[in-house]
Amino acid sequence: MNILDAIVNAQDGAAVRQLGSQFGLGPDQTTAALSALVPALAAGVQRNIQNDSGVGSLMAALSSGNHRQYIDDPSNLGDQSAVSEGNGILGHLLGSKEVSREVASRAAAQSGVSADVLKRMLPLAATLMMGAFAKQSRVGSVAASGLGGSGAGIAAMLTPLLDKNRDGSIMDDV
């Protein structure tokens, strides 16, 4: 399962319903918004895990944070702490507010959801992505199997989303 599917399908779509409720969007609009935002976030993760320190930072974040709570109980996305955590994640993945604004602008063009709404949704999409990683990877198994593992782990969740030409390699797509 790729990371977008893990988010959209978690708790029978509860995250989609929660975000839709928070931002006044229907389920299709919310799914379109996530479909436009998550690939950019996943590309940020991919860039960060290209070196050992990035992998270590991601593993530390997954093991020390309680990110899984956002997948297990999406009502937590309504808490201000979810936005704060998401902004911290965005800082690591995207680097600056300017890049975050650009991601929201591009996602607006793809999804039909306003850039203003997407700017506010972006930190929550980031918390959901980390929650999906935490849930899927079960941190210890990722550390033991490496990022590629036998189909498990973070790379397995990112590849279907980032491999645009479906050649099995994301290196020519990122």
Side-chain angles (χ1 to χ4, degrees), residues 1-23 25-49 54-55 57-79 81-83 85-90 92-94 103 107 110-111 113 118 121-164 166 168 170 173-174:
M1 176 180 299
N2 75 42
I3 191 69
L4 180 61
D5 291 340
I7 292 168
V8 170
N9 297 322
Q11 305 296 326
D12 295 322
V16 170
R17 290 189 300 276
Q18 177 67 35
L19 287 177
S21 170
Q22 283 181 233
F23 295 102
L25 302 174
D28 290 342
Q29 289 175 301
T30 306
T31 300
L34 288 170
S35 296
L37 292 173
V38 170
L41 296 172
V45 170
Q46 183 62 33
R47 277 189 302 276
N48 279 308
I49 63 174
V55 171
S57 294
L58 180 61
M59 297 311 297
L62 287 173
S63 64
S64 66
N66 188 16
H67 305 291
R68 188 174 167 168
Q69 69 175 318
Y70 302 109
I71 291 292
D72 291 342
D73 184 4
S75 69
N76 290 323
L77 293 168
D79 297 340
S81 61
V83 174
E85 279 189 55
N87 282 327
I89 294 165
L90 290 175
H92 289 289
L93 297 182
L94 302 179
V103 166
Q110 293 173 351
S111 68
V113 176
L118 293 174
M121 187 184 288
L122 191 56
L124 298 176
T127 60
L128 282 168
M129 184 181 69
M130 288 296 285
F133 284 153
K135 186 171 180 112
Q136 183 71 19
S137 67
R138 293 171 305 278
V139 178
S141 67
V142 172
S145 66
L147 288 173
S150 52
I154 294 167
M157 293 181 80
L158 290 174
T159 299
L161 201 59
L162 298 176
D163 185 14
K164 306 259 189 257
R166 307 283 186 245
I170 61 173
D173 299 299
V174 176

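No side-chain heavy atom of Gln18 sits less than 4.5 Å from a side-chain heavy atom of Leu124. Looking only at side-chain heavy atoms (C-beta outward), Leu19 and Leu128 come within less than 4.5 Å of each other. Side-chain contact between Leu94 and Leu122 is present, with at least one heavy-atom pair separated by less than 4.5 Å. Side chains of Leu41 and Leu90 form a contact here, defined as non-hydrogen atoms less than 4.5 Å apart. The side-chain heavy atoms of Val45 and Phe133, taken from C-beta on, include a pair separated by under 4.5 Å. Taking 4.5 Å as the limit, some side-chain heavy atom of Asp72 sits within range of a side-chain heavy atom of Gln11. Residues Ser111 and Gln29 are not in side-chain contact: their nearest non-hydrogen atoms beyond the backbone lie 4.5 Å or more apart. For the pair Val103/Leu37, a side-chain contact is recorded, criterion being any heavy-atom separation below 4.5 Å from C-beta on.
A donor-acceptor pair is defined here as one N or O able to donate and one able to accept, closer than 3.5 Å; no such pair exists between the side chain of Asp79 and the backbone of Ser81. Side chain of Thr31 to main chain of Pro27: a donor-acceptor pair is present (N/O by atom type, distance under 3.5 Å, no hydrogens or angles).
Atom CG of Leu25 sits about 5.0 Å away from atom CE of Met121, to the nearest 0.5 Å. Summarising the geometry, atom CE belonging to Met130 is positioned 11.0 Å from atom CD1 belonging to Ile7; distances are rounded to the nearest 0.5 Å.
Residues Ala82 and Asn76 come closest through the heavy atom pair CB-O, 3.6 Å. Taking every heavy atom of both residues into account, Gln110 and Ala36 meet most closely at OE1-CB, 3.3 Å. Of all non-hydrogen atoms in Asp12 and Arg17, the two that sit nearest each other are O-NH1, 2.7 Å. Shown here for Ala33 and Val113, the closest heavy-atom pair between the two residues is CB-CG2, 4.2 Å. Heavy atoms only, all atoms of each residue included: Asn2 and Asp5 are closest at OD1-N, 2.9 Å.
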message: Pair Glu85, Gln69 - check side-chain contact (heavy atoms from CB on, under 4.5 Å), show working.
response: CA-CA 12 Å; Glu85 279 189 55; Gln69 69 175 318; 4.0 Å; yes
